[in-house]
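Values below: all heavy atoms of this structure, side chains included; hydrogens, waters and symmetry mates excluded. Since the structure is predicted, the reported quantities are computational estimates derived from the model, not experimental observations. Throughout, a chain's letter reflects where its sequence line sits, starting with A, and its residues are numbered from 1.
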Amino acid sequence: MDKLVRTHLPRIAGLAIAGASLLAVSAAQAKEITIWCWDPNFNVAIMKEAGARYTKMHPDVTFNVVDFAKADVEQKLQTGLASGTADALPDIVLIEDYGAQKYLQSFPGAFAPLSGTVDYSGFAPYKVEVMTLDGQVYGMPFDSGVTGLYYRKDYLEQAGFNPEDMQDITWDRFIEIGQEVEAKTGKKMMGLDPNDAGLVRIMMQSAGQWYFDKEGKPNITGNAALKAALETIGKIMSANIYKPANGWSDWVGTFTSGDVASVVTGVWITGTVKAQPDQAGKWGVAPIPALSIEGATHASNLGGSSWYVLESSEEKAEAIDFLNEIYGKDIDFYQTILQDRGAVGSLLAARGGAAYEEADAFFGGEKVWQNFSDWLAKVPSVNYGIFTNEADLAVTAQLPALTQGTPVDEVLQAIDAEIAGQIQ
Amino acid sequence: MVQARRGGIGRYYDVNGWLFVAPALGLIAIFMVYPILWSLWMSFQAGRGMTMQFAGFANIVRLWNDPIFIKALTNTMTYFVVQVPIMILLALILASLLNNPRLVGRGLFRTAIFLPCVTSLVAYSVLFKGMFAPDGIVNSTLQAIGVIATPIPWLTHPFWAKTLVIIAITWRWTGYNMIFYLAALQNIDKSIYEVARIDGVPAWARFTHITIPLLKPVILFTTVISTIGTLQLFDEVYNLTEGKGGPSNATLTLSLYIYNLTFRFMPSFGYAATVSYVIVVLVALLAFLQFFLARERDR
């Protein structure tokens, strides 16, 4: 055996080299599109599905979907853009909506405008707005972060509430229910990570406000929605109806373990909720609670992201065509990713598809997708500006002060001062 | 005469010598001198992302009016003032204990104490997060032995989060400093200790009057190294707080702030460079101060 290998080794090696060079030649003809994104169960899986669909029509184009943590994608992108060498950058990158304007404005010319190619009138207007700069639209709108109140029917039933009691409530009512649930079941109402301002953002946007006004100027001390949101968080904390979480995975653990009775967050969490088969049938979805101020609604948004093509990409034309063919037109694709991954896309035409009509057994046969798509149309449009990360950190820095009983107006002033120092 | 010239100033004109060191000098110029000068130039520029302009001293003015920078600076100095003395003293005590030739299993102890600083950073951060969680082993142990009634909020309370970072870096770096002391202790002549023992000097006095003075150069070295390390503190805080320096910026360090300014916030490379130079200046000042305090006074 050994001898056999030894005598044939040169020939095997020769064949291998010939094969490798043949592969190299065909690889040079085929186009490979490299994509960076995060979340293997959501963005990565969806992009692979999209790639597979396109490759079926265009066999010469293949896809390399690279999975990083979200912070790593952002850091690598920012470093690559700053270095000025495009070699290390992908062809398509996923950017969270909050950061879109930051990248567009601070790295002019880095992203390819898609205005001429993509028909943006078919997308949710707020998604198109965050990717528009100086009349040019960049990027392909992807998933929506439309929010919902996910609740455990079984726990609430034990506490004497039925699903009707959860519809269109206020945050004050939510807290009352939470206290009742804890008294009857011993479970906390929700998980809360004090280092994450997501809930503040949800509440604020539901009343049509943001950290910044339409011109992008800080809107803190006079922001009634932000004030009401902070007051509400303060009430939640002093009512002690929450289980504290440290970091994202800890927070996810609060509801996957069955320790809390509800979750208020973006629709993209659906996949994670449904990943616990033993909890099937126990969950329901209601509109999020509303703040008790003027302009308050039951619809909001958390996160959501879009695909951007790098101007420096060698496969720029193919990348743009791919996004336009699949994400811009393929209604069937949107049905698939909704059913498989719980992705509510922002292509409005996709909402007419059959999948949106279907009842979901996990949620006890509720037509949750129809609900989410109704709420999506009601999400108040706000200007995310370019300093959301800075504002977020300023807010979380003040949350402990809020729990110690500092008046909300003082907290707002402290947030304002911190943001003013960061905006340069 | 010629020989003397070649040995003196003449060797600076020796082309062959220059050729030998040229590759190294070239690499140093490209990868060290150029970036340093470029970052210095950058610290005088302001703007968003790649749209930077010369701004004079605007970034330095911004430092004074930036509450987060002040917070990060205060935190960093707190770590430095509290943690470095504790760690140095602990390392000294451990080193002299483990230097005792009659101690059984001292190789094992030395390894155990040195091990943390070669442990994977992420692994140990994850471990610390688990150990110091509200229902983690530390809280449950303290509760079981009756030291505390309610769990300590290690990661969610500003004071305890800072304490946890100090515990974490002490755990990681004490063994590293101890190795330097152990090596230095091997070089102290044993007869000095023998004489002291015959004269009836107690153990504690031997430690303060013989060990510490003789280790002075090494203590100076480890203090300077630890100062530099603490002022550049990043990894522990980043991993323990998911990169946020929370709660309430209570654990934010200058290095983490630089990271935020560069990669998390609207990129302001110029300002980040300015903050970096604050660390450079601080390290230089503190190192100078330590050399000054440790100088030989009796000369």
Side-chain angles (χ1 to χ4, degrees), chain A residues 69 71-79 81-84 99 101-110 192-197 243-251 253 385-404 414 417-424, chain B residues 42 46-52 55 58-59 61-71 126 129-130 132-136 151 153-159 161 164 238-252 257 259-272:
Chain A
D72 293 345
V73 173
E74 289 170 352
Q75 183 198 329
K76 281 176 82 75
L77 177 66
Q78 205 149 319
T79 316
L81 290 173
S83 74
Q101 284 291 326
K102 173 179 92 170
Y103 288 107
L104 292 177
Q105 291 186 24
S106 55
F107 299 102
L192 189 63
D193 178 0
N195 282 319
D196 189 339
K243 182 174 192 227
N246 177 46
W248 177 260
S249 48
D250 209 17
W251 178 77
I386 50 179
F387 294 107
T388 289
N389 280 333
E390 284 87 336
D392 240 24
L393 228 55
V395 167
T396 48
Q398 294 303 325
L399 285 183
L402 202 64
T403 48
Q404 285 150 20
E418 187 169 325
I419 295 176
Q422 292 298 309
I423 294 185
Q424 301 274 337
Chain B
M42 238 166 55
R48 295 168 184 175
M50 298 313 282
T51 57
M52 290 205 292
N59 285 328
V61 175
R62 185 176 166 186
L63 281 180
W64 294 116
N65 303 319
D66 183 350
I68 309 181
F69 166 73
I70 307 287
K71 182 93 192 168
V126 170
K129 263 164 91 172
F132 288 86
D135 46 1
W154 288 104
L155 283 155
T156 44
H157 187 279
F159 173 79
L164 178 58
Y238 185 88
N239 285 310
L240 285 173
T241 68
E242 307 221 327
K244 290 186 174 163
S248 263
N249 293 333
T251 56
L252 186 75
Y257 188 43
Y259 176 87
N260 280 343
L261 285 170
T262 322
F263 300 116
R264 190 191 297 274
F265 295 167
M266 166 64 80
S268 42
F269 301 111
Y271 187 51

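- Considering every non-hydrogen atom in both A:Q78 and B:F265, the closest pair reads NE2-O, 3.5 Å.
- Neither the backbone nor the side chain of B:T241 comes within contact range of chain A, judged by heavy atoms closer than 4.5 Å.
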TODO: Let me see the working for A:L393 and B:I68 under side-chain contact (heavy atoms from CB on, under 4.5 Å), right down to the final yes or no.
DONE: CA-CA 10 Å; A:L393 228 55; B:I68 309 181; over 6 Å; no
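- Under the ring-ring contact (aromatic ring centres under 6.0 Å, His included) criterion, A:F107 pairs with no residue at all, not counting sequence neighbours.
- In this structure, CG in A:D72 is found 11.0 Å from CZ in B:F263, a value given to the nearest 0.5 Å.
- Of the atoms belonging to B:I70, not a single heavy atom falls under 4.5 Å from chain A.
- Heavy atoms of B:Y271 lying under 4.5 Å from chain A are absent altogether.
- Contact of A:P244 with chain B is not made at all, since no heavy-atom distance falls under 4.5 Å.
- A heavy-atom distance below 4.5 Å is found between the side chains of A:K102 and B:P267.
- Contact record, B:M266 with A:S106: SD-CB, 3.7 Å, taken as the closest heavy-atom pair.
- The part of B:F269 that comes within reach of chain A is its side chain, from C-beta onward, which places non-hydrogen atoms under 4.5 angstrom from that chain.
- In this structure, no portion of A:L77 lies under 4.5 Å from any heavy atom of chain B.
- Within the 4.5 Å cutoff, the side chain of B:D66 has heavy atoms near those of the A:Q422 side chain.
- Proximity of B:R48 to A:I386: side-chain heavy atoms (C-beta onward) are separated by under 4.5 Å at one or more points.
- Most heavy-atom pairs under 4.5 Å with chain A, from the set B:S248, B:A46, B:G47: that is B:S248.
- Most heavy-atom pairs under 4.5 Å with chain A, from the set B:H157, B:K71, B:R264: that is B:R264.
- For A:K76, there are no salt bridge (Lys or Arg N to Asp or Glu O under 4.0 Å) partners at least two apart in sequence or on another chain.
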